[in-house]
Amino acid sequence: MVNTKVCLCGIPLDNPVIPASGTFGFGYEFAELYDIDCLGTFSFKGTTATPRFGNPTPRIAETPSGMLNAVGLQNPGVDAVIEEELPRLAKCFHKPVMANVSGFSEEEYVHVCEKFDAVEAVGWIEVNISCPNVHGGGMSFGTSPEAAGAITAAVRRVTRKPLILKLSPNVTDIVSIAKACEAAGADGLSLINTLMGMRIDIRCRRPVLANGTGGLSGPAVFPVALRMVYQVYEAVKIPIIGMGGVSSAQDVLEMMLAGASAVEVGAANLVNPYACRDIIADLPREMEKYGIQTLSDIIGGAH
Amino acid sequence: MVQGIYTIASNKKIARDVYEMVLSGDTSALTAPGQFLNIKIEGYFLRRPISVCDWDGDTITIVYKVVGAGTAAMSEMAAGQTLDVLAGLGNGFDMRKSGGTPLLVGGGVGTPPMAGLCRRLVAEGKSPTVVLGFASREDVFYEDQFRSLGAEVRVATADGSYGVQGFVTDAMAGIAPSYFYACGPIPMLRAVSDALPADGQLSFEERMGCGFGACMGCSCQTKYGNKRICRDGPVLTKGEVIW
């Protein structure tokens, strides 16, 4: 019997598989299909201080081996998340959940983190400083070490929960940003968010997405994500959640060998709603195939 | 919603760029006409959302238009091949509101869901009138299917090559329905909604990520808050639509 348990910032997970924020809503759609308690945990829909509709449609475009999205952080706002979504989630998910936080100012990040700090069901706070689809917020906080460090330090002051900074791949040097977050008090790092991309409708001669650009995800980005996890693992001591195109148990093993302590699954959930359940079910078989007894032993094993 | 492997029973061209495919498999998740399937096509990342035309027993009929590479690949599939399908997506039409003499309006490939709806309304003893709009004569399909169900059918073509020249609203003259159901391009939906004093339901289309409510890719704003076209729609009521 193989052991799939891992530890993420001091909290044990039955397995390292975590649906990524924005691809799993608040869990209910999936809870209708399978018992979501099989997940390590999941990162719920990115939450801001006030309700947001997000960008105009079309917000989705297909790409070779992937997709672009420009949803733009649609969410009901932190108060509705705490008062309505989380009590509903408590009926179908019985493990600590990961709160995903976004914002348009340092004050907003602090405000939302402070609110989630008071929620018992929240195990970790994942701070998204890498959304490519909003203007004047999101990614602009994650593209320089100074700005990323400043947000990290500010939210660190309002929570004792494990703080995970979610980084953007749309930068020249992700390692320096990762180190800045670690130095400012981050307990962990999530990488990567989506890569900025575009499709153009040839007939209309206009971008397919109403927002013009969108974030690329899916198997197309997996090698880029893997490379960044590998590089950041060499430079920091805090745990990394690896994500970007993960769609199979084999991808999970690769991510962990690159240095990930846990793995988020994003776009795969949208194409196969059972993706995470299937990956979790396949994991022991894949571990046996490669002679892995204890999954946590392979973290960073490719270095 | 169910995920399953469905076998293609037939796949044939019925109008310009328009194909009718009959699938064999689990229909248990289909609860109302106007719902849709989300179909995985080998070699393409996202599934293709296609409205259900009609279903019965263990067969589902869909009618789709070739608009890109994915639907072009579908059009070349043969009987006996299988497809990975999410079935029973979306809310579908609420038939309880129809009254005795509902009007069903289909524009182009918005026509198919009207077929299953029409058959069920007739089975309930209702007398639907069907108005269909197409660009040209070569695009017209299903006129005979509706007629054989006993519905009064009117067809409009934009170029006047078949039926009434103009749009569906030109062919609707003189009809005072108890209620209406419409599926087609947004300008058509709006024109139909504005032209009729009756209440009704309209089926919308949007580019989707998942098709089952997870990704928020197809959201729209309504008078009653944000809705996901895939999950809370695709059918919205006339009273909630913000044009």
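A, B, ... follow the sequence lines: proteins, then strands. Residue 1 opens every chain. Atoms considered below: every heavy atom in the structure, side chains included; atoms not considered: hydrogens, waters and symmetry mates.
Here B/K13 does not pair with B/E20 in a salt bridge; the nearest charged N to carboxylate O distance is not below 4.0 Å. The pair A/E62-B/R48 counts as a salt bridge, with a side-chain nitrogen and a carboxylate oxygen less than 4.0 angstrom apart. Using a 4.0 Å cut-off between charged side-chain N and carboxylate O, B/R16 and B/D139 make a salt bridge.
Annotation: maximal heavy-atom pairing with chain B below 4.5 Å, among A/T23, A/N75, A/V208, A/T57, occurs at A/T57. Ranked by heavy-atom pairs under 4.5 Å with chain B, the list A/N55, A/V271, A/T63 is led by A/V271. Options B/Q3, B/K40, B/Q221, B/R231 differ in how many heavy-atom pairs under 4.5 Å they form with chain A, and the most are formed by B/Q221.
A donor-acceptor contact under 3.5 angstrom links the side chains of B/S136 and B/S161, judged on distance only. Side-chain atoms of B/N91 and B/D232 form no donor-acceptor pair, as typed in the model, at a separation below 3.5 Å.
Interface remark: B/E206 contributes side-chain atoms only to the contact with chain A (heavy atom separation under 4.5 Å). Contact annotation for A/A267: both backbone and side-chain heavy atoms come within less than 4.5 Å of a heavy atom of chain B. Heavy-atom distances place no part of A/P51 under 4.5 Å from chain B, backbone and side chain included. For A/N269, the part sitting under 4.5 Å from any heavy atom of chain B is the backbone (N, CA, C, O) and nothing else. Contacts of B/M208 with chain A are made by backbone atoms alone, with heavy-atom separations under 4.5 Å and no side-chain atom involved. Residue A/Y28 does not touch chain B at all, counting heavy-atom pairs closer than 4.5 Å.
The shortest side-chain heavy-atom distance between B/F134 and B/T111 falls under the 4.5 Å cut-off.
For the ring-ring contact (aromatic ring centres under 6.0 Å, His included) criterion with A/Y109, the lone passing option out of A/F104, A/F116, A/F141 is A/F141.
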